[in-house]
There are 2 protein chains.
Amino acid sequence: MYTIGEVSKMVNLPIPTLRYYDNEGLLIDTVRDSAGIRKFNDKTLESLRVIECLKKSGLQIKEIKEFMNWCSLGDKTIFQRREMFIRQKAHIEQEIKELEDALALIKFKCWYYDEALKEGSEKRVKKLDPHDMPEEIRLLFEQSHQQYKKKPIAK
Amino acid sequence: MYTIGEVSKMVNLPIPTLRYYDNEGLLIDTVRDSAGIRKFNDKTLESLRVIECLKKSGLQIKEIKEFMNWCSLGDKTIFQRREMFIRQKAHIEQEIKELEDALALIKFKCWYYDEALKEGSEKRVKKLDPHDMPEEIRLLFEQSHQQYKKKPIAK
DNA sequence: GCTTGACTTAAAGTTAACTTTAACTTGTAA
DNA sequence: TTACAAGTTAAAGTTAACTTTAAGTCAAGC
């Protein structure tokens, strides 16, 4: 059994954030001692891992609450829970792809400013055609200059 | 030359967002016609690409504004701009790593609920030891159950 | 000359996820 | 017994990045 302060240190989240999650119904199967003090256990730590993961995958607190509620309803919600993870898997894969495209542009800019710094001026590199860039850099440029993405499909 | 409505469609951002960016000083070298109508060009489209990229890398609007200001100050700010891209490169790489760990947990849960669905119950899979999982799944489990990360170093 | 569509502004409103505040309780140590 | 550390609450405050509103301008077509 852990107090809120212990959990806070273990998972590196502020105490008020843990209270907020608890109040919002994200922390199921938590108990209180006779003085009303929250007592957490290893299940809480695992829940917090899942909460962080679902947050990163794009879910809101109230949606995570809904998921936690499904968990406490047992086997009859397995299908819904599975569907949610399948959806969030697609979501996070899309997000990683977008970050990788952003990273490509950033890497290109790192090269661009390396060249500019060497030469003391952007002048030459600014008007450089992709065709005249080193292969590796041209690929970064092209990856970061694809079509603008379409509007994401609604959940 | 493009109107705000044309740019909005091209880059798939709402018109008020483009006005907001312009008002916040993110869109440098934009001009107005005699009636005060904004006229954008291809440089604007490229700026919007960089803005999106810097946003994804974790920068705030006001920090992007600062960067855009450096751009308009010419060659004497090359060093600062380079440093910023180097910093944001590290930031976005860290973010991708964290998303990949979250993805590992999601993939593990997809497998978990596949098994549970097949068996009509979580009962067995819930108390499964990582040692008894398929190799591929155990690796996902381990990747998603590393130590909690330390507090990120301040900018 | 009137309507329409696309633009303009300043200012107020929205939202989610915390974060802070102020007042209070409880258990241990000096 | 007094102080301190660590817990508690409800309620108000914060923040960033938009988004909406309300009122107005302007050019083109009927």
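Just so we're clear, the structure is a prediction, and the values are computed from it rather than from any experiment. Order of the sequence lines fixes the chain letters, A, B, ..., with proteins taken first and strands second; residue numbering starts at 1 for each chain.
Protein atom CD of B/E52 is 16 Å distant from nucleotide atom C1' of D/dC18, rounded to whole Å. Atom CD1 in A/I51 sits about 18 Å away from atom P in C/dA16, given to the nearest Å. For A/E24 and D/dA11, the CD to C1' distance is 14 Å, given to the nearest whole Å. Rounded to a whole Å, the CG atom of A/D22 is 17 Å from the P atom of C/dA17. Atom CD1 of A/I61 and atom P of C/dT19 are 11 Å apart (whole Å). The OH atom of A/Y20 sits 15 Å away from the C1' atom of D/dA10 (whole-angstrom rounding). The separation between A/L18 atom CG and D/dT8 atom P is 10 Å, rounded to whole Å. One interatomic measurement links the two molecules: CG of A/L59 to C1' of C/dA17, which rounds to 14 Å at whole-angstrom precision.
Put simply, B/T17 has no side-chain N or O that comes within less than 4.0 Å of OP1 or OP2 on D/dA17. For C/dA17, neither phosphate oxygen OP1 nor OP2 lies less than 4.0 angstrom from any side-chain nitrogen or oxygen of A/K65.
With B/D114 as the partner, the salt bridge (Lys or Arg N to Asp or Glu O under 4.0 Å) test is satisfied by one option alone out of A/R82, A/R81, A/K89: A/R82.
Checked against the 6.0 Å centroid threshold, A/F67 and A/F85 count as a close aromatic pair. For A/F108 and A/Y113, the distance between ring centers is not under 6.0 angstrom.
Using a distance-only test at 3.5 Å, with no hydrogens or angles considered, no donor-acceptor pair links the side chain of A/E52 to the main chain of A/R49. Side-chain atoms of A/E115 do not come within 3.5 Å of backbone N or O of A/Y112 as any donor-acceptor pair. B/S144 places no side-chain N or O within 3.5 Å of a backbone atom of B/D101 that could act as its donor or acceptor partner.
Between A/Y21 and A/S34, the residue anchored nearer the 5' end of DNA chain C, judged by the nucleotide with its closest heavy atom, is A/Y21.
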Polar atom pairs between nucleotides 2-8 of chain C and protein, under 3.5 Å, N or O only, would you list them?
residue, atom, partner, partner atom, Å
C/dC7, OP1, B/T3, OG1, 2.9
C/dC7, OP1, B/G5, N, 3.1
C/dT8, OP1, B/R38, N, 3.0
C/dT8, OP1, B/R38, NH1, 2.9
C/dT8, OP2, B/R19, NE, 2.8
C/dT8, OP2, B/R19, NH2, 2.9
C/dT8, OP2, B/R38, NH1, 3.4

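B/Y2 and B/Y21 fall within the same hydrophobic cluster, where Ile, Leu, Val, Met, Phe, Trp and Tyr residues are linked whenever their side-chain heavy atoms come under 4.5 Å apart, directly or through other members.
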